[in-house]
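Proteins come first, then strands; the chains are lettered A, B, ... in the order of their sequence lines, and each starts at number 1. FYI, side chains are in, hydrogens and waters are out, and symmetry mates aren't considered; it's all heavy atoms of this structure. Worth saying up front: this structure is predicted, and the values here are computed from it rather than measured.
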Amino acid sequence: MIQERVSLSKARQQWVRWQRLLRVQRPGDLFFRGITLLFVLIVLGLVAGTAWILISNSLPTIRRFGFSFLTNKAFDPVHDVYGVLPAIFGTLITSTFALIFAVPLGVGAAIFLVDFCPRPFRLVLAFLIDLLAAIPSVIYGLWGFLVLAPWLHNYGEPWLQQRLGFLPLFQGQPEGVGYLGAGIVLTMMVLPLIISVSREVMLVTPVAQREALLALGATRWEVIRHAVLPFARIGILGGVILALGRALGETMAVTMIVGNQANEPSLSLFTPGYTLASVIANQFGEATPGLFLSAIIEAGLILFAITLITNILARWLIASLQRQAQGRSRGGRL
Amino acid sequence: MSVPMPTSPSSPALQSGESGLHPLQTARSSLTLRRRLVNALIVLLTTLAALFAAGLLVYLLCYVLSQGLRYINLDFFTQLPTPNGEPGGGMGEAFQGSLILIALASLMGVPLGLFTGIYLAEFGRGPFAQGVRFLVDVLNGIPTIIFGLLAWVLIVIPMQTFSGLAGGFALGMIMIPIVTRTSEDVLRLVPRELREASLALGATEARTILQVVLPAARSGIITGVVLAMARVAGETAPLLMTAFGTTFWNTDITQPMDALPLRIFQFTLSPYQQQVNQAYAGAFVLIVLILLASLAVRLATGGFKQR
């Protein structure tokens with residue numbers, strides 16, 4: 001598609017457009033085209049409507065609290081004071097935790113899948129990864145709540161405390177539910193995503209570059225290091241940001257294991273806390289019209305804005321890699 | 001896309017060669033020892049990463065499946081939950097509710113997604129189409145609880161009751177981008193010659209698309225729809241604040257409605273072991289459904305690619 005457009009000159013483009021318009025003179029065609037356009041406009045309206053509804057409904061708290069909504073620690077319906085600092089902190093700490101572990105594991109696994117994996121296992125493993133990406137978050141939540149949290153409470157956290165207790169990360173009362181558990185579950189949830197995106201972008205490395213390095217006598221790792229990784233770097237970064245977006249917005253699994261308490265931000269991973277998504281999931285039930293309702297919707301608006309930015313960034317990076325790949329393959333043919 | 005590996009210069013055959021080696025080659029083989037060690041180390045590390053990642057996830061899958069299988073029986077699909085964790089009972093109303101919710105969501109998501117996909121594939125040129133494509137991608141990345149929030153504000157609060165309708169709306173929003181992208185992709189795979197042949201026979205553009213292009217892409221489009229249905233079948237967050245859940249049979253879409261993931265969520269947090277067991281059984285059914293959908297999709301698209 002893109003190539004076709006690039007190769008056409010401006011004048012020719014104009015001509016094609018005219019031809020197209022002339023052909024669509026028939027009322028039936030115009031009608032059909034109109035219908036599809038109408039559906040497109042409805043979809044656009046839905047996206048715009050989502051943003052507008054979130055903004056307009058959070059105006060009361062925006063007007064009342066302004067920026068202090070972001071820095072206020074209490075989410076207190078009784079005194080009508082609302083803030084989401086603990087939730088923002090929890091969202092960031094659990095997502096960061098997940099990325100720290102999922103990125104090296106995921107990229108390593110993707111390298112294995114692309115370059116080292118014996119052929120017969122390749123398709124099976126790729127299918128398995130896709131399947132795991134499709135497992136609903138409530139299942140991860142179920143396992144996190146029923147298996148992981150008790151295990152962390154009885155064994156995992158005391159063990160960590162005994163050995164690494166001098167770090168502020170592992171101090172405090174082992175409770176099972178908390179940032180640590182949520183981080184582990186999130187790690188497992190974003191792993192398939194990172195693996196599949198990294199794998200896809202590594203697969204588009206021009207074969208000529210790999211072959212050139214192999215011809216020079218490079219080992220497999222040197223090929224990856226000097227041809228594949230530099231080429232796929234941007235795409236992998238895009239995948240990581242995509243995973244970050246997923247981790248930031250993940251609701252069920254996190255809500256089930258993060259503990260849901262608006263605690264002071266603390267470095268301890270054992271602390272039960274909140275994330276933006278779990279505030280919404282937990283508080284909507286008691287919401288009364290007015291500031292309370294507005295506060296929940298503003299939490300949603302903040303989450304919406306953060307994930308929107310991360311997604312736009314990720315897609316822009318991945319798209320730029322694809323353009324780069326197309327440019328190179330064209331250059332190669334010339 | 002694997003590259004066939006030529007025998008590296010350090011292969012045993014060459015190294016075991018006697019002193020008849022060229023001076024350069026001996027220098028290289030001592031260098032290659034380090035390089036080969038690094039290479040081996042990396043192979044080991046990435047293999048471990050892959051094994052660990054796959055092992056962790058497979059363990060989770062097997063654990064939930066084996067736990068769930070024990071509590072599957074006919075009652076599980078046909079009975080209502082028993083009060084306060086008494087033995088017996090099932091999740092019948094959750095299956096019923098899930099079916100209704102998925103149907104409602106498809107009613108909204110499939111036409112909107114399909115027509116947007118047709119527009120993008122057939123008429124979508126220039127910056128407007130790029131913009132639409134971008135927004136559809138953005139829609140795909142928005143956390144699903146935001147759609148729950150949207151349906152809550154738009155439908156639940158004005159109607160003053162949780163309802164299946166609101167749940168269907170939220171799930172429909174999630175389906176739109178999946179159906180759009182897959183249908184656009186498969187429509188693009190339909191050969192140009194097919195369209196040209198149809199137009200040359202005097203068929204109108206609309207007729208060409210409806211009677212030639214769409215049927216040719218049918219299996220791919222169905223694949224996309226199944227994928228989207230499987231995806232929303234497991235969605236929980238947006239249903240919490242829209243369909244809400246109930247433990248009774250309900251076919252009235254203006255009333256609270258149950259769904260399989262919602263029931264799993266509630267029973268997981270339940271203090272009664274009987275209900276926790278039911279949650280495992282529900283998770284088993286959900287995973288099997290999604291496994292079957294993925295397999296079907298994989299088979300369908302695999303056949304598609306080979307052509």
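Contacts between B/V153 and chain A at a heavy-atom distance below 4.5 Å involve the side chain alone, from C-beta outward. The contact between B/L240 and chain A is made by backbone and side chain atoms together, counting heavy-atom distances below 4.5 Å. Interface remark: B/L61 contributes side-chain atoms only to the contact with chain A (heavy atom separation under 4.5 Å). For A/I53, the part lying near chain B is the side chain, with the backbone staying farther off; criterion is any non-hydrogen pair under 4.5 Å. Residue A/T50 touches chain B through both its backbone and its side chain, counting heavy-atom pairs closer than 4.5 Å. For A/F116, the part lying under 4.5 angstrom from a heavy atom of chain B is the side chain only. Contacts between B/P111 and chain A at a heavy-atom distance below 4.5 Å involve backbone atoms as well as side-chain atoms. Heavy atoms of B/F267 lying under 4.5 Å from chain A are absent altogether. If you measure heavy-atom distances from B/L139 to chain A, the contacts under 4.5 Å come from the side chain alone. Residue contact with chain A, scored on non-hydrogen atoms closer than 4.5 Å, is absent for B/L51. Residue B/L45: no heavy atom, backbone or side chain, is found under 4.5 Å from chain A. The contact between B/L154 and chain A is made entirely by side chain atoms (from C-beta outward), counting heavy-atom distances below 4.5 Å.
Heavy-atom pairs under 4.5 Å with chain B were tallied for A/N311, A/L142, A/L38, A/T307; the largest tally goes to A/L142. Residue with the most contacts toward chain A among B/L114, B/I209, B/I264: B/I209 (heavy-atom pairs, distance under 4.5 Å).
Between B/F123 and A/F32, the angle of the ring planes goes over 60°, which puts this pair in the perpendicular group of the 30/60° scheme.
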